[in-house]
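Beneath this line is the structure, given in structure tokens, with notes to follow.
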Amino acid sequence: MKRILVVLLLIVIGVVCFGFYQGWFAFSTGGTDEKPNATFTIDKDKIREDEKKAEEKIHEAGEAIKEKTGIGGEKSKTEESKKP
């Protein structure tokens, strides 16, 4: 059970660190000496934008693999030769 919690904690830490690196999250401090404050901001638009970019790249990679392997909408030569 401890190992599962440690793994989950490491995943959460990894996602948060990656989010800061990508600019999804921001942390700022400010205020006066008497009343300091801290703000944690999540940029949902940046997350959606990066999600769309990742989907496009995955789609492009899939198309490139299909072209290289010949799999996809094209019929193979053996299927064409079987036609009467």
Side-chain angles (χ1 to χ4, degrees):
M1 184 68 174
K2 280 185 178 181
R3 290 182 186 181
I4 293 173
L5 292 175
V6 169
V7 169
L8 289 175
L9 181 64
L10 289 174
I11 290 172
V12 168
I13 290 171
V15 168
V16 170
C17 290
F18 185 72
F20 273 106
Y21 176 75
Q22 290 292 95
W24 300 342
F25 309 125
F27 184 77
S28 61
T29 59
T32 63
D33 290 337
E34 294 175 10
K35 294 185 180 181
N37 63 5
T39 306
F40 183 77
T41 308
I42 299 173
D43 190 350
K44 293 179 183 180
D45 294 331
K46 175 74 171 149
I47 293 171
R48 288 187 189 110
E49 179 183 315
D50 288 346
E51 181 182 7
K52 288 179 184 177
K53 286 180 186 177
E55 286 176 1
E56 289 173 4
K57 285 187 179 186
I58 290 171
H59 185 351
E60 289 172 4
E63 292 296 322
I65 291 171
K66 285 180 183 179
E67 288 177 10
K68 285 184 180 181
T69 59
I71 299 174
E74 299 177 16
K75 294 182 180 180
S76 67
K77 291 179 182 178
T78 56
E79 288 178 5
E80 290 179 7
S81 63
K82 292 181 181 180
K83 287 185 178 179

- Item | Smallest separation among heavy atoms of F20 and F25, with atom names |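 Nearest pair, atom of F20 first, then F25: CD2-O, 3.5 Å.
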Going only through I, L, V, M, F, W and Y residues with side-chain contacts under 4.5 Å, is there a path from [X] to [Y]?
X: V16; Y: W24; result: yes
X: I47; Y: F18; result: yes
X: Y21; Y: V12; result: no

Taking the hydrophobic residues Ile, Leu, Val, Met, Phe, Trp and Tyr, and joining any pair whose side-chain heavy atoms are under 4.5 Å apart, which ones share a cluster with [X]?
X: L9; answer: I13
X: I4; answer: L8
X: V6; answer: L10

Show me, pair by pair, the donor-acceptor contacts under 3.5 angstrom made by side chains of residues 35-46, not counting sequence neighbours?
residue	atom	partner	partner atom	Å
N37	OD1	G30	N	3.3
D43	OD1	D45	N	3.4
D43	OD1	K46	N	3.3
K46	NZ	D50	OD1	3.4

- With K53, which residues qualify under salt bridge (charged side-chain N to carboxylate O under 4.0 Å, His left out), at least two apart?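 Checked K53 against salt bridge (charged side-chain N to carboxylate O under 4.0 Å, His left out); matches are E49.
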- Message: Using the side-chain contact (heavy atoms from CB on, under 4.5 Å) criterion, which residues pair with E67? Sequence neighbours excluded.
- Response: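 Result, side-chain contact (heavy atoms from CB on, under 4.5 Å) vs E67: none returned.
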